[in-house]
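Basis for what follows: all heavy atoms, side chains included, without hydrogens, waters or symmetry-related copies. What you are looking at is a predicted structure, and each value in this text was computed from that prediction instead of being measured. We count ligands from 1, going down the list as the structure has it; atoms in each ligand are counted the same way.
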Amino acid sequence: MRLDIVTIFPEFFGVLDVSLLGRARAAGVIEVGVHDLRDHTHDRHRTVDDTPYGGGAGMVMKPEPWGEALDALLTPRSVLIVPSPAGHPFTQRQARELAVREHLVFACGRYEGIDQRVVDHYSERTEVRVLSIGDYVLNGGEVATMAMIEAIARLVPGVVGNPESLTEESHEDGLLEYPSYTKPASWRGLEVPPVLLSGNHGAVADWRREQQLARTRAIRPDLIEKP
Ligand SMILES: COc1cccc(Cn2ccc3ccc(-c4cc(N)[nH]n4)cc32)c1
């Protein structure tokens with residue numbers, strides 16, 4: 001898999017060399033390119049934003065630098081991912097879908113966002129996903145991109161040491177995960193649920209499923225599909 005990130009803060013992504021992704025890059029499983037949007041400006045001030053048509057507060061990112069930057073990166077097999085508070089929810093299902101794709105290009109906006117014509121233009125000629133990581137507003141797309149890259153990269157074969165650990169996670173089966181315990185069996189008067197010490201694997205599996213359902217009903221009833 002290749003990831004390309006376009007941003008006005010390329011230094012933000014330096015951490016990708018040390019995280020989980022660092023090992024994946026070292027193993028050649030994932031290639032990452034970080035690109036400064038300002039390299040695609042041609043004025044003395046390297047301008048990437050301007051005032052919004054129709055008035056209003058803040059600034060909007062100009063389409064021309066984005067067009068030049070994305071033309072240089074996108075191929076017909078790419079997926080262009082545009083983080084936005086107005087996007088479709090980024091979910092574990094999205095992460096699974098994107099983890100098997102060949103080339104992801106992340107467009108990290110700032111200010112009040114990117115001129116809409118950029119999404120409109122590329123939607124005509126490639127796959128574009130405008131995605132939100134949650135119902136809150138960040139200052140730009142970089143943090144959202146980092147979160148999505150981590151969620152996606154860990155599902156790419158060869159990135160995580162033990163692939164089995166990926167199957168029993170929250171949201172993998174549509175439910176929240178069960179509570180986990182380790183030694184000591186008793187801590188500050190709190191005991192590990194006895195079933196987990198029983199050695200009865202069937203009873204443990206049943207208990208864990210019950211815990212998943214109870215937790216999901218209590219914390220995220222929206223995840224339980226209505227019959
Ligand atoms: C576009 O509308 C906006 C309105 C007010 C501020 C901003 C700031 N901003 C700029 C680019 C950008 C990209 C992503 C996000 C974002 C994503 C999520 N889940 N929250 N926030 C926020 C971004 C944008």
Side-chain angles (χ1 to χ4, degrees), residues 3-16 19-21 32-41 45-74 78-99 101 103-124 126-155 169-171 176 219-220 222-223:
L3 305 175
D4 282 294
I5 304 161
V6 183
T7 171
I8 60 172
F9 296 120
E11 65 279 5
F12 184 93
F13 293 96
V15 73
L16 285 179
S19 64
L20 166 78
L21 208 52
V32 179
V34 182
H35 311 274
D36 188 341
L37 181 67
R38 292 193 195 278
D39 292 346
H40 298 279
T41 62
H45 298 293
R46 308 187 84 200
T47 308
V48 294
D49 64 308
D50 206 332
T51 54
Y53 277 121
M59 302 291 273
V60 175
M61 299 192 95
K62 295 170 60 60
E64 303 98 318
W66 281 106
E68 192 178 296
L70 295 176
D71 284 353
L73 293 170
L74 290 171
S78 307
V79 183
L80 173 61
I81 297 166
V82 184
S84 169
H88 298 280
F90 176 73
T91 60
Q92 191 67 13
R93 177 196 294 263
Q94 288 267 6
R96 278 199 299 271
E97 289 173 2
L98 293 168
R101 301 300 293 267
H103 185 212
L104 307 179
V105 178
F106 291 86
C108 298
R110 277 275 154 170
Y111 307 99
E112 298 301 306
I114 303 171
D115 185 301
Q116 181 60 37
R117 290 169 291 181
V118 174
V119 164
D120 295 348
H121 171 78
Y122 287 102
S123 294
E124 292 298 313
T126 190
E127 183 178 343
V128 178
R129 297 193 188 194
V130 180
L131 298 175
S132 166
I133 63 165
D135 294 336
Y136 41 82
V137 182
L138 302 167
N139 283 332
E142 286 79 9
V143 167
T145 292
M146 190 69 87
M148 290 191 276
I149 285 177
E150 179 153 325
I152 294 163
R154 64 196 299 279
L155 299 178
E169 295 184 321
S170 280
H171 303 289
L176 300 185
I219 299 167
R220 289 294 305 276
D222 59 296
L223 293 179

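- With a 4.0 Å heavy-atom cut-off, ligand 1 is reached by the backbone of N139 but not by any atom from C-beta on.
- From R129, atom CZ reaches atom CZ of R101 across 6.0 Å, with rounding to the nearest 0.5 Å.
- Between W66 and I114, some side-chain heavy-atom pair lies under the 4.5 Å cut-off.
- Protein heavy atom in closest approach to atom 16 (C) of ligand 1: P85 CD, 3.5 Å.
- Contact annotation: the side chain of L70 approaches that of V105 to within less than 4.5 Å [non-hydrogen atoms, C-beta and beyond].
- Not a single heavy atom of A86 lies less than 4.0 angstrom from ligand 1.
- What sits closest to atom 20 (N) of ligand 1 on the protein, heavy atoms only, is Y136 O, 2.6 Å.
- Among protein heavy atoms, atom 5 (C) of ligand 1 sits closest to E112 OE1, 3.5 Å.
- Atoms of ligand 1 found under 4.0 Å from any heavy atom of G134, numbered from 1 in the order shown, are 19 (N).
- Closest protein heavy atom to atom 21 (N) of ligand 1: L138 N, 2.9 Å.
- Residues A151 and F90 approach most closely at CB-CE2, 3.7 Å, considering heavy atoms.
- Ranking the protein heavy atoms by distance from atom 13 (C) of ligand 1 puts P83 O, 3.3 Å first.
- Regarding atom 6 (C) of ligand 1, its nearest protein heavy-atom neighbour is V137 CG1, 3.5 Å.
- Taking only nitrogen or oxygen atoms, main chain and side chain alike, G113 does not reach within less than 3.5 Å of ligand 1.
- Between the side chain of T47 and the main chain of D49, no donor-acceptor pair closer than 3.5 Å is present.
- No donor-acceptor contact under 3.5 angstrom links the side chains of Y53 and D115, judged on distance only.
- Considering backbone and side-chain N/O atoms, G109 never comes within less than 3.5 Å of an N/O atom of ligand 1.
- For R46 (side chain) and R38 (main-chain N/O), a donor-acceptor pair under 3.5 Å exists by modelled atom type.
- In terms of protein heavy-atom proximity, atom 23 (C) of ligand 1 is nearest to G140 CA, 3.7 Å.
- Residue S132 has at least one N or O atom closer than 3.5 Å to an N or O atom of ligand 1.
- The closest protein non-hydrogen atom to atom 10 (C) of ligand 1 is Y111 O, 3.3 Å.
- Using a 4.0 Å cut-off between a side-chain N of Lys or Arg and a carboxylate O of Asp or Glu, D222 and R220 qualify as a salt bridge.
- Ion pairing of R117 with E64 is absent here, as no side-chain N (NZ or NE/NH1/NH2) approaches a carboxylate O to less than 4.0 Å.
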